[in-house]
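See structure below.
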There are 2 protein chains.
Amino acid sequence: MENKIFRNFISNKGLKLTKERLAVLNEIFSFRGHFEPEQLYLRIKDSEIKASRASVYRTLNLLVESGLVGKVARTEKGNVYEQTFGQEHHDHMICDRCGAIIEFCSQKIENLQDELCKKNNFDGTSHNLVIRGLCKKCKRTKR
Amino acid sequence: MENKIFRNFISNKGLKLTKERLAVLNEIFSFRGHFEPEQLYLRIKDSEIKASRASVYRTLNLLVESGLVGKVARTEKGNVYEQTFGQEHHDHMICDRCGAIIEFCSQKIENLQDELCKKNNFDGTSHNLVIRGLCKKCKRTKR
DNA sequence: ACTGCAATTGAGACTAAATATCAATTAAAC
DNA sequence: GTTTAATTGATATTTAGTCTCAATTGCAGT
Ligand SMILES: [Mn+2]
Ligand SMILES: [Mn+2]
Ligand SMILES: [Zn+2]
Ligand SMILES: [Zn+2]
């Protein structure tokens with residue numbers, strides 16, 4: 001399914017459907033959850049059809065552009081991504097100490113955002129809400 | 001005023017009030033708006049009392065810890081900061097076509113975020129909400 | 001199936017933000 | 001003034017991500 005959408009996206013842009021791009025796509029959609037480019041590359045490096053670090057980064061950008069993958073946040077270390085196709089929309093809390101990521105979704109907040117867009121004559125298509133702080137565990141071990 | 005708060009913070013932590021730290025503080029509070037560490041350093045390098053790049057970064061962290069300065073966002077390029085003392089908190093809508101930035105603040109959303117943090121046992125210290133789409137002007141000229 | 005060619009790949013060079021090192025300096029407590 | 005631990009700054013280091021470019025490959029046209 002995501003495969004079909006990607007093929008469509010690639011062909012629409014006049015690009016080529018390479019085995020490396022498919023390798024990245026398949027690796028991402030072989031599991032659920034958040035991931036960093038480097039980790040993704042390490043997995044692909046040891047898989048059947050490999051792709052270089054450069055290709056992983058390049059394909060990742062294409063996937064974000066296609067809407068199949070989303071950039072969750074930019075942490076101290078780097079970017080964090082997740083598959084978005086077939087996933088419920090949600091936002092994130094990120095622990096500044098251990099990097100733990102908590103997912104949440106508030107329909108009330110979503111509605112208020114829509115309201116604010118209307119009030120500002122803004123045609124909102126996407127949003128990104130990240131709350132930072134300390135997770136339950138790290139809050140206890142503070143200082 | 002911010003000067004006094006900083007002195008207090010420094011002395012409470014058993015640190016030293018150096019001319020370099022004061023130089024960074026004063027430079028930041030000499031203007032309003034967002035800034036990047038490198039730009040700040042370049043300004044300080046040419047000012048009366050100088051400070052090295054290392055000291056600028058180190059002092060910036062202290063200022064964030066003290067609450068006088070806030071980390072606005074982590075962009076592709078690096079961190080963006082702003083003075084928070086005496087400033088109203090707000091979030092942003094960004095136009096994907098022309099880059100226009102609309103600032104807004106919703107106390108209702110803020111409250112809902114606090115609620116969600118409590119529910120998740122998360123000690124939230126900051127948040128970042130960006131809504132993307134088309135601004136009033138670009139919505140009209142669509143495609 | 002063959003050809004032509006622009007798009008793509010990958011190894012490694014490169015960039016730049018941020019941190020670490022450490023000898024020399026300095027704030028401040030006594 | 002003396003003492004001492006904190007601080008500074010020049011420089012080295014780290015590292016996520018981009019860039020380069022010769023070799024390769026997907027694919028449109030025949
Ligand atoms: Mn998520
Ligand atoms: Mn806000
Ligand atoms: Zn944590
Ligand atoms: Zn616009």
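- Per the geometry, CG belonging to B:Leu22 stands 13 Å off C1' belonging to D:dT7, to the nearest Å.
- A:Arg53 has no side-chain polar atom (N or O) that falls below the 4.0 Å cut-off from OP1 or OP2 of C:dA11.
- Applying the side chain to side chain contact (heavy atoms under 4.5 Å, CB included) test between A:Tyr41 and each of A:Val56, A:Leu60, A:Val24 identifies A:Val56 as the sole match.
- The side chain of A:Lys77 places no N or O atom within less than 4.0 Å of a non-bridging phosphate oxygen (OP1 or OP2) of D:dT15.
- At most 12 heavy atoms of other shown residues, nucleotides or ligands fall within 6.0 angstrom of atom NZ in A:Lys118.
- Picking from C:dT9, C:dA7, C:dA18 the nucleotide with the shortest atom distance to the side chain of B:Pro37 gives C:dA18.
- A close approach under 4.0 Å does occur between a side-chain nitrogen or oxygen of A:Thr18 and OP1 or OP2 of C:dT9.
- In this model, the phosphate group of C:dA11 is not approached by any side-chain N or O of A:Ser52 to a distance below 4.0 Å at OP1 or OP2.
- Mapping A:Tyr41 and A:Leu17 onto DNA chain C by nearest heavy atom places A:Leu17 closer to the 5' end of the strand.
- At whole-Å resolution of the value, OH in A:Tyr57 and C1' in C:dT15 are 14 Å apart.
- Of the possible donor and acceptor atoms, one in the side chain of A:Thr84 sits under 3.5 Å from a partner among the backbone N and O of A:Leu68.
- A salt bridge links A:Arg132 to A:Asp96: at least one charged side-chain nitrogen sits closer than 4.0 Å to a carboxylate oxygen.
- For B:Arg32 and B:Glu82, the salt-bridge test fails: no basic side-chain N is under 4.0 Å from an acidic carboxylate O.
- Between B:Ile10 and B:Asn61, the residue anchored nearer the 5' end of DNA chain C, judged by the nucleotide with its closest heavy atom, is B:Asn61.
- Per the geometry, CD belonging to A:Glu20 stands 8 Å off P belonging to D:dG26, to the nearest Å.
- Distance B:Tyr81 OH to C:dA18 P: 6 Å, rounded to the nearest Å.
- Distances shorter than 4.0 Å separate some side-chain N or O of A:Arg74 from OP1 or OP2 on D:dG17.
- The separation between B:Leu25 atom CG and D:dT7 atom C1' is 17 Å, rounded to whole Å.
- At a cut-off of 3.5 angstrom, the base of D:dT25 holds no donor-acceptor pair with the side chain of A:Lys19.
- For A:Lys16, whose side chain is taken as the heavy atoms from C-beta onward, the closest listed nucleotide among D:dG26, C:dA28, C:dG10 is D:dG26.
- The interatomic distance linking B:Lys45 (NZ) with D:dA10 (P) rounds to 11 Å, in whole Å.
- Between A:Lys71 atom NZ and D:dA16 atom C1' there is a gap of 12 Å when expressed in whole angstrom units.
- Listed pair A:Asn79 / D:dA16 fails the phosphate criterion, with no side-chain N or O lying under 4.0 Å from OP1 or OP2.
- When rounded to the nearest whole Å, the span between CG of B:Leu60 and P of D:dT8 equals 13 Å.
- The base of C:dG10 sits within donor-acceptor range of the side chain of A:Arg58, with an N or O pair under 3.5 Å.
- A close approach under 4.0 Å does occur between a side-chain nitrogen or oxygen of A:Arg21 and OP1 or OP2 of C:dT8.
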request  = Test A:His92 against B:His127 for ring pair (Phe, Tyr, Trp, His ring centres under 6.0 Å), laying out the working first.
outcome  = CA-CA 10 Å; A:His92 300 94; B:His127 69 265; over 10 Å; no
